[in-house]
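The structure appears right after this line, and notes come after that.
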2 protein chains.
Amino acid sequence: MPRPREFDEDRVVLAVRDAFWDRGYAATSMDDLLRVSGLGKGSLYGAFGDKHRLFLRVLREYDDANLRGLRERLEAAPRGVDMVREFVLGVAGDPTGAAARRGCLLANSTAELATSTPDVAAEARRSYDAITALLTEALERGQREGDVDPDADAAETARAVLAAQLGVVALGRTGMDLAELTAVARSALARLLPAPSR
Amino acid sequence: MPRPREFDEDRVVLAVRDAFWDRGYAATSMDDLLRVSGLGKGSLYGAFGDKHRLFLRVLREYDDANLRGLRERLEAAPRGVDMVREFVLGVAGDPTGAAARRGCLLANSTAELATSTPDVAAEARRSYDAITALLTEALERGQREGDVDPDADAAETARAVLAAQLGVVALGRTGMDLAELTAVARSALARLLPAPSR
DNA sequence: GGTGTTCTGGACGGAACGGTCAACAACTAG
DNA sequence: CTAGTTGTTGACCGTTCCGTCCAGAACACC
């Protein structure tokens, strides 16, 4: 019997996500969020709660989408190692450099908020653990497929790959030249994923 | 003939730095800065300008101190490769984990502000370029000293090491278990700095 | 068509924001 | 001791902040 929503919840979450992504949490005002979402104050508060709750929801959905994408890429990849390489090289994938400059919402949020907001730190741990598990799986497949040194510890390598990727993300945020950023990614990958000594 | 300052400028910069470091730029209010510095409004504005200018000064001095420390460690290190290892492992060096959770002021600031504040992005590039140069120097010394594969490109390796360190810093900020963080650092180092094949 | 429930938009409040300014204090140079 | 210069303090300003609340609108159900 209630009056139905006039807006699409997912669309609002994406619009709000972009605002937080571009400005950071603290620098994004509720007025900004109302503007980009097109909602009135009552609607936004009614549907999502206050700024903090809204942000956490946005962050969780962002992470979930990310993990889903990685999982799909792993399944679709001809070889396990391809997914690992894409994961690192993809940071510099957008030829305009805009994506690299924008960085990763989770990484940005962790850097800004992890100290003051335990929820964000916990979300980051959850997400990075899941990514590590996926990378481990990909590397183990790579070992079976003969692309990765079978003597290497896949889980350890996965952690190193994640660190390298996070580093490339951080460097991309400085506006570093895209060719150089790609070179960093390649250089790290070449050293982290030595071909099996056959 | 002027009236002399009643405060020590460097002490104020350090106190303000800690405030920015703990809360981030946007979440730190001028009142916070007045409290931690002990100054009145007129004094702080008179000596350092507005919040933005004060922050940039703090960030530059932080970076300079960092670079100075790295240079000294390189000069003091028995072997070039020691400085490289310290650079990465040092992130998890504080046994309480507080330093790891705090992260790096420059990295945090870049993640929060690089998009909206070109000055911060430029400062980050400047700093990371200088660190890369130092790491390259250390690695070249390591090659001469027989600790680093002489066939590796030192500059490329330096970039990969920097990325790995930034990644470890990012992971440390999530509150990841300290032993695990150390393992990540070791794992990355072991793969980035293969012993020379003698 | 009436009724009950939810949604909507904006007015509103109190607090906190960054920044200015003027009156006063503290010193130096002569 | 006087004059001149700078430092200090805190009141003050206009703006923006987040969040609440309410009057009215839009639907579903009976």
Side-chain angles (χ1 to χ4, degrees), chain A residues 1-59 108-109 112-113 115-120, chain B residues 1-60 105 108-109 112-113 115-120:
Chain A
M1 29 234 230
R3 171 178 176 180
R5 289 264 166 79
E6 286 183 7
F7 59 91
D8 176 31
E9 210 162 290
D10 291 341
R11 231 213 39 209
V12 168
V13 168
L14 287 184
V16 165
R17 179 204 65 180
D18 286 340
F20 280 131
W21 203 343
D22 287 333
R23 304 166 195 265
Y25 175 77
T28 304
S29 70
M30 286 304 292
D31 281 347
D32 289 333
L33 300 178
L34 296 177
R35 201 169 31 78
V36 301
S37 68
L39 297 191
K41 230 158 195 187
S43 303
L44 197 63
Y45 274 89
F48 301 99
D50 64 12
K51 190 186 177 185
H52 180 250
R53 281 177 50 83
L54 173 55
F55 176 75
L56 279 182
R57 159 133 183 212
V58 163
L59 189 59
N108 295 349
S109 305
E112 183 187 351
L113 301 170
T115 307
S116 55
T117 314
D119 292 338
V120 171
Chain B
M1 31 235 235
R3 171 178 177 180
R5 288 264 168 81
E6 286 181 7
F7 58 91
D8 176 30
E9 210 162 290
D10 290 341
R11 232 213 39 211
V12 168
V13 168
L14 288 184
V16 165
R17 179 204 66 180
D18 286 340
F20 279 132
W21 204 342
D22 287 332
R23 305 165 195 267
Y25 176 78
T28 304
S29 70
M30 287 305 292
D31 280 347
D32 289 332
L33 300 178
L34 296 178
R35 201 167 32 77
V36 301
S37 68
L39 297 192
K41 230 160 195 189
S43 300
L44 198 62
Y45 274 89
F48 301 99
D50 64 12
K51 190 185 177 186
H52 181 249
R53 281 176 51 83
L54 172 55
F55 177 75
L56 279 181
R57 159 131 182 214
V58 162
L59 189 60
R60 292 215 177 91
L105 175 62
N108 295 349
S109 305
E112 183 186 353
L113 302 169
T115 307
S116 55
T117 315
D119 292 338
V120 171

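Chain letters run A, B, ... following the sequence lines, proteins first, then strands; residues in each count from 1.
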Would B:Asp50 and B:Arg53 pass as an ion pair if we require N to O under 4.0 Å?
-> no

Considering all heavy atoms, the nearest A:Leu33-A:Ala19 contact | CD2-CB, 4.0 Å

May I ask you to decide if B:Leu39's main-chain N or O and B:Ser43's side chain share a donor-acceptor pair within less than 3.5 Å?
-> no

Whole angstrom is fine here: how far is it from CG in A:Asp31 over to P in D:dT15?
-> 15 Å

Check the distance between C:dC7's P and A:Phe7's CZ and give it to me in whole angstrom.
-> 8 Å

Please work out which residues in residues 40-49 of chain A have a non-hydrogen atom less than 4.0 Å from an atom of DNA chain C and list them by number.
-> A:Gly40, A:Lys41, A:Gly42, A:Ser43

Here the distance between atom P of C:dT20 and atom CG of B:Leu34, to the nearest Å, is 14 Å

Taking atom P of C:dG19 as reference, at what distance in whole Å does atom CE of B:Met30 sit?
-> 6 Å

Side-chain (B:Ser29) to main-chain (B:Asp32) donor-acceptor, under 3.5 angstrom | yes

How many Å lie between CZ on A:Arg5 and C1' on D:dA25, as a whole number?
-> 16 Å

Where do A:Val36 and A:Ala15 come nearest, in terms of heavy atoms and distance?
-> O-CB, 3.6 Å

Side chains of B:Phe48 and B:Val16: does their closest heavy-atom pair fall under 4.5 Å?
-> no

Side chain of B:Lys51 (C-beta onward), nearest among D:dC17, C:dG19, D:dG7 = C:dG19

So does B:Ser29 get a side-chain nitrogen or oxygen closer than 4.0 Å to the phosphate oxygens (OP1/OP2) of C:dA16?
-> no

Tell me: CG of A:Asp8 to P of C:dC7, nearest whole Å?
-> 15 Å

What does the inter-axis angle of the helix from C:dG1-D:dC30 to C:dG30-D:dC1 come out as, five pairs per end, nearest 10 degrees?
-> 10°

Nearest whole angstrom, please: distance from the C1' of C:dG18 to the CG of B:Leu54.
-> 13 Å

Which nucleotide, D:dG19, D:dT8, C:dC17, lies nearest any side-chain atom of A:Asp50?
-> D:dG19

Using atom CD of B:Glu6 as one end and atom C1' of C:dA25 as the other, report the distance to the nearest whole Å.
-> 9 Å

How long is the gap from CG on B:Asp8 to CG on B:Leu14, to the nearest 0.5 Å?
-> 8.5 Å

Distance under 6.0 Å and angle within 45° of ring axis: B:Lys51 vs B:Phe20 = no

Using 4.0 Å as the upper bound for N to carboxylate O, is an ion pair formed by B:Glu112 and A:Arg23?
-> no

